[in-house]
Amino acid sequence: MKIVMLGAPGAGKGTQAKKIAERYRIPHISTGDIFRANMKEGTELGQQAKAYMDQGQLVPDELTVHMVMDRFSKDDCKNGYVLDGFPRTIPQAEALSEALAQAGDSIDYAIDIEVPDERIVKRMSGRRVCQKCGATYHEVHHPPVREGVCDVCGADLVQRSDDKPETVLSRLEVYHEQTQPLIDYYKEKNVLKRVDGTRDLEDVFQAIVDILDE
Ligand code: AP5
Ligand code: MG
Ligand code: ZN
């Protein structure tokens, strides 16, 4: 099963992709997470990506597509994957379609998690992430058992550097300009599914499972 998660920053792509990956035993591939891991390790890719990410801008397509293709070549991708944060532009979507078409394959579902902009800024200000394992929490909607401490690995929780309100606003602008057109792109390919992302996160997950198990 090959799934693309669509939705604005903070819509819940990562939260839901993680649950999908567990339930259907496919890898969760998040380009944002791969960039952040590279930043932490201080790789050249990480340094290049940081400059864009801190501004709320997209990392150039060449860098991103190359990185994702490299990830696809790993063994665990044979039975599918859930893509979170990729594709994010029409050229990225075309690169993905072409690579899949060469193997006679295509995306099975593009799941758009719909959340209005007004809700996004609020949600982001409450997000906390684990510095060590990347687990994501929310102060109100998904708090850890012990405040400020990761349930999974016990490391400290921090705010993501691009979750400052002014950066969130530029990310939203970039989303509407460059990523939202992918909704029509996947609609034309007859694989688009929409879910209401304003509901409780377990309800959003149930709606996705209903689609995938249909
Ligand atoms: P990326 O890491 O992908 O960030 P994003 O798309 O902006 O999305 P987020 O991770 O912020 O949100 P999410 O939808 O995953 O929400 P989450 O589940 O965490 O990308 C970061 C940057 O990297 C980009 O700006 C760009 O620079 C670069 N980049 C990445 N991919 C790229 C690409 N392909 N091309 C070019 N550049 C790229 O949820 C958010 C919060 O809400 C959490 O606290 C969560 O607990 C909470 N929450 C989730 N669901 C619910 C719910 N139903 N109700 C209440 N709270 C909820
Ligand atoms: Mg995410
Ligand atoms: Zn952790």
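Atoms within a ligand are numbered from 1 in the order they appear, just like the ligands themselves.
- Side-chain contact annotation: His176 with Asp117, donor-acceptor N/O pair under 3.5 Å present.
- Each protein N, O or S atom less than 2.8 Å from the Zn ion (ligand 3) was counted, giving 4.
- Lys2 forms a cation-pi arrangement with Tyr81, by the criterion of a distance under 6.0 Å to the ring centre and an angle within 45° of the ring axis.
- Under 4.0 Å is where a charged nitrogen must lie from a carboxylate oxygen, and between Arg128 and Asp163 no such pair does.
- The residues lining ligand 1, counting any heavy atom closer than 4.0 Å, are Ala8, Pro9, Gly10, Ala11, Gly12, Lys13, Gly14, Thr15, Thr31, Gly32, Phe35, Arg36, Met53, Gln57, Leu58, Val59, Thr64, Gly85, Phe86, Arg88, Gln92, Arg123, Met124, Arg127, Thr136, Tyr137, His138, His141, Arg160, Asp162, Arg171, Gly197, Arg199, Asp200, Leu201, Val204.
- Annotation for Val149: hydrophobic cluster partners, listed by chain and number, are none (ILVMFWY side-chain heavy atoms under 4.5 Å, direct or chained).
- A distance of 5.0 Å separates CE in Met39 from NZ in Lys50, rounded to the nearest 0.5 Å.
- For the side chain to side chain contact (heavy atoms under 4.5 Å, CB included) with Tyr185, the qualifying choice from Glu188, Lys189, Lys187 is Lys189, the only one to do so.
- Other residues, nucleotides and ligands contribute more than 12 heavy atoms inside 6.0 Å of the CD atom of Glu22.
- For the side-chain contact (heavy atoms from CB on, under 4.5 Å) test, no residue two or more places apart in sequence or in another chain qualifies with Pro143.
- Salt bridge annotation for Arg23-Asp213: present, with a cationic side-chain nitrogen under 4.0 angstrom from a carboxylate oxygen.
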